[in-house]
Every structure is written in C-alpha cells, then in structure tokens.
Amino acid sequence: MATVLFVVKATIPRKKEAAFNRWYNYKHCPQFLRYPGAVSARRYKAIMGEDKFRYMAVYEVQDEKTFRALMKSSHMKALKRDYDRWFGKVSERARFAYTQVWP
C-alpha cells in the first residue's frame, strides 16, 4: 500500500508565530490525527532558500483512497475552517499531495 504525503506550505507573520506554534502543536495536530488512516503530522520551518512560504506541514495518510476521502470529509472542512478562523486573514497557503512510488 503506497502512502500519501499531503503538504501545506504557509506564510505566518512573525508576530503570529508563537500563537501559530501553540495552535498547531496542541490543537491542530491532535485534531488531524483523529482521522482514521492519518499516520503522522510534522511541521518544518524554512532556514534557507527563496521560498516565500516559511512553514511547511507534512501530513501522511495510509493510502490514496484515504487521502481522497479525507479531502472530501467534514473532518477536513473543520480543519480548514479552524485554520481560517485563527490565521486565514494573515497567511497564504499552497497545498500539494504526493503518493509513494513503488518499483
């Protein structure tokens, strides 16, 4: 079974970073990981490069079928709604998804 990585890159203003970090670590990740088939949630901060997105969240789900179901789910709508409530007016996002390639 090929896993799927779902990547969300975001801009977060420096003055909002502490609030974002608390929200992400204590609310968002636990909420995401409650979805059946969610495997992991990790976040990275850019330390080099020209990308305007300073943060990258990488979510792993068990397979493409689970990923597609997640994207259509009320669970994902709630995750997006919560992000928009706290950070939607001060940040930009870009989303990508990749499935693992087997030989």
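Values reported hereafter were calculated over all heavy atoms of this structure, with side chains retained and with hydrogens, waters and symmetry mates removed.
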Run the side-chain donor-acceptor check on residues 11-20: report pairs under 3.5 Å with partners two or more places apart or on a different chain.
residue : atom : partner : partner atom : Å
T11     : OG1  : E92     : N            : 2.8
E17     : OE2  : R54     : NH1          : 3.1
E17     : OE2  : R54     : NH2          : 2.7
E17     : OE2  : Y55     : OH           : 3.3

Could I get the full list of salt bridge (charged side-chain N to carboxylate O under 4.0 Å, His left out) partners for R68, not counting sequence neighbours?
-> E64

Quick one: do Y83 and M56 end up in the same hydrophobic cluster if we chain Ile, Leu, Val, Met, Phe, Trp and Tyr together by side-chain heavy atoms under 4.5 Å apart?
-> no

Report yes if the side chains of V61 and F32 come closer than 4.5 Å at any heavy-atom pair, otherwise no.
-> yes

In terms of ring plane angle, is the pair Y59 and H28 parallel, tilted or perpendicular, where the classes change at 30° and 60°?
-> perpendicular

Does any non-hydrogen side-chain atom of L79 lie less than 4.5 Å from one of Q31?
-> yes

Can you sort out the partners of F96 under side chain to side chain contact (heavy atoms under 4.5 Å, CB included), two or more places apart, ordered by chain and number?
-> V7, K9, A94, Y98

Report yes or no: do Y44 and F6 belong to one cluster of Ile/Leu/Val/Met/Phe/Trp/Tyr joined by side chain heavy-atom distances under 4.5 Å?
-> no

Taking atom CZ of R22 and atom CH2 of W86, what is their separation to the nearest 0.5 Å?
-> 10.0 Å

Of all the heavy-atom pairs spanning Q100 and A2, show the shortest one and how long it is.
-> O-CB, 3.4 Å

Working to the nearest 0.5 Å, report the span between CG of N21 and CZ of R43.
-> 4.5 Å

Heavy atoms, side chains only, cut-off 4.5 Å: are M71 and R95 in contact?
-> yes

With sequence neighbours excluded, residues passing side chain to side chain contact (heavy atoms under 4.5 Å, CB included) with E60 | T3, L5, V39, S40

Looking only at heavy atoms, the pair that brings N25 and P30 closest together is O-CD, 3.6 Å

Non-neighbouring partners of K77 that pass side chain to side chain contact (heavy atoms under 4.5 Å, CB included), sequence neighbours left out | R81

Within a reach of under 6.0 Å around CH2 of W23, are more than 12 heavy atoms found that belong to other residues, nucleotides or ligands?
-> yes

Do D84 and R93 have side chains that get closer than 4.5 Å, going by heavy atoms?
-> yes

Partner set under ring pair (Phe, Tyr, Trp, His ring centres under 6.0 Å) for H75, not counting sequence neighbours | Y35

